[in-house]
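Convention: sequence-line order gives letters A, B, ...; per-chain numbering from 1.
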Amino acid sequence: MSDDILDNIFENAVKGKSLIKNRKILTIDYIPQKLQFRDEETTTIAQTLSVSLKGARPSNLLLFGKPGTGKTAVVKNVINKFKEKSTELGVEVIVVFINAKIANTAYKVLYEIAEEMNINKTDKKNQVYFTGLSLGEATNRILDFIKKRQLHVIFVIDEIDSLVDKNGDDILYNFTRANEHFQEVGFISIIGISNSLTFKDKLDPRVRSSLSEEEIVFNPYKIHQLQKILSERVKLAFHDDVVTEGTINLCAAIAGKDNGDARKAIDLLRVAAEIAEIDKDTKVYEKYIRLAQHKIEKDTNFEIIKNSTTHTKIVLLAIAKSKNGNTGEVYEIYSSLCKHIDNESLTQRRITQIINELDQLGLISTNIVNQGRYGRSQKIKITIPISTLKEALFDDHLLSTITTTID
DNA sequence: ACTCCACAGGAATAACCGGGCG
DNA sequence: CGCCCGGTTATTCCTGTGGAGT
């Protein structure tokens, strides 16, 4: 890249008319004060929490809904208001918000809880270290802390399903049961937020019934709702008349077709605007939405591939090379590729697992086919452009000799 | 109706790692 | 230091299965 081009970029950034007035409003971190079309959900949550202002334990609450339906945003809004109100009234209720997926492991969830509640600073005996304790011990220390100080605690666990997927419901069981030992002076309430509607099935019946004392389902946004949401944001984030109505409609239509995901719709709009700015265009036209759609798709795939292990990458290559895409063929190609670069190959069992993981990530698609006498297999196909795959693997020197062999 | 392919995918278990504990 | 603990990855062993051939 020459200096001229760089100069241009910086120059434009300063003097060029940027289309976006306030970029923050288009990021995931921005939560509007009031979420449209979520009044009912907001009131229910607020009402449930409100009993704790009188010292009573609120019902446990379970929120379901697809990604981008406003679950987290609604809860955060209610919590913020609730915190304001409780300090105003001088009622001490501790609200801990944790995202189980970001925390990654059950232990880290407990650690985060301990950190949030300041246990580690205020109670030496009940410290929950960064690592080293058993899950049971860590849970006990937290519960002991709550009991000793007779605290009123509300745990909000976002993406609670990933916690249960990895560690079962032991922790939730202990938390929901803990109230029995508090002898009415302290309590724990849990607000669980889950993307998966089948989450409840994975729970032990006892946990299920106590955790879902109350339930709220967040339905996906309809296309016309997404339009309203988008135009609201557009007003705040862009200069006047920069985003056409057609653009908003297209954006809403794309996101609406795909689960009614408001987050995705807004992402789309932001990326489109960024492309338009680079193009020095004066408006965000519909074509930029389509460009943005491709860019987002490519970028996420690119990141996934780059961050995966060598074996996963080789499997991807093997799938790209395979003709029929059945498991046996893919595995054979995979093993030969391994031999080629002097890498020990994994067993077929592991490869089917990796294939499943890739399917989950949406990089490939699998289809189980029965061929009668010729057995039962999967039809595996790559769903991303080969060029993306090649680009993502370009930096990997280990694979350089075999990457070039795909067409 | 029966067989039997070519796997899928569950369960148990091992090997290894990072990190606190005594 | 060796030990324990939980997480992750991988292996071994296993049972299950839809339908083309016979």
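- Not one side-chain nitrogen or oxygen of A:Gln378 sits closer than 4.0 Å to the OP1 or OP2 atom of B:dC7.
- A cation-pi arrangement is absent between A:Arg23 and A:Tyr30 under the rule of less than 6.0 angstrom and at most 45 degrees off the ring axis.
- Atom CD of A:Glu357 and atom P of B:dA8 are 14 Å apart (whole Å).
- Between the A:Glu41 side chain and the A:Val74 main chain, no donor and acceptor come within less than 3.5 Å of each other.
- At whole-Å resolution of the value, CD1 in A:Ile380 and C1' in B:dC7 are 11 Å apart.
- DNA chain B lies under 4.0 Å from at least one heavy atom of each of the following residues of residues 323-333 of chain A: A:Asn326, A:Thr327, A:Gly328.
- The existence of a salt bridge linking A:Lys321 and A:Glu329 is excluded, since no basic side-chain nitrogen approaches an acidic carboxylate oxygen closer than 4.0 Å.
- Distance CD (A:Gln353) to P (B:dG10): 9 Å, rounded to an integer number of Å.
- The nearest heavy atom of DNA chain C to A:Asn370 and to A:Thr347 marks one nucleotide each, and the one closer to the 5' end goes with A:Thr347.
- Sparse packing is recorded around NE2 of A:His340, with 12 or fewer heavy atoms of other residues, nucleotides or ligands lying under 6.0 Å away.
- Summarising the local packing, NZ of A:Lys306 is surrounded by 12 or fewer heavy atoms from other residues, nucleotides or ligands at distances under 6.0 Å.
- Atom C1' of nucleotide C:dT12 and atom CD1 of A:Ile351 are separated by 15 Å, given to the nearest angstrom.
- With salt bridges taken as basic N to acidic carboxylate O contacts below 4.0 Å, one links A:Lys298 and A:Glu391.
- With respect to A:Lys34 and A:Asp39, a salt bridge is recorded, a charged nitrogen being found less than 4.0 Å from a carboxylate O.
- Put simply, OH on A:Tyr374 is 14 Å from C1' on B:dT3, counting in whole angstrom units.
- In this structure, A:Tyr221 and A:Phe37 have perpendicular ring planes: the angle between them is above 60°, well past the 30° mark.
- Rounded to an integer number of Å, the gap from A:Leu110 CG to C:dG7 P is 10 Å.
- Remark: P of C:dT9 and CD of A:Gln348 are 20 Å apart, rounded to the nearest angstrom.
- Side chains of A:Arg350 and A:Gln353: a donor-acceptor N/O pair is present below 3.5 angstrom, by distance only.
- Set against B:dC5, B:dG9, C:dA10, the side chain of A:Leu346 has C:dA10 as its closest nucleotide.
- The CD1-C1' distance, from A:Ile368 to B:dC7, rounds to 10 Å in whole Å.
- The side chain of A:Thr352 sits closest to B:dA8 out of C:dG21, C:dT11, B:dA8.
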Under-3.5 Å N/O pairs linking protein and nucleotides 13-16 of chain C:
none

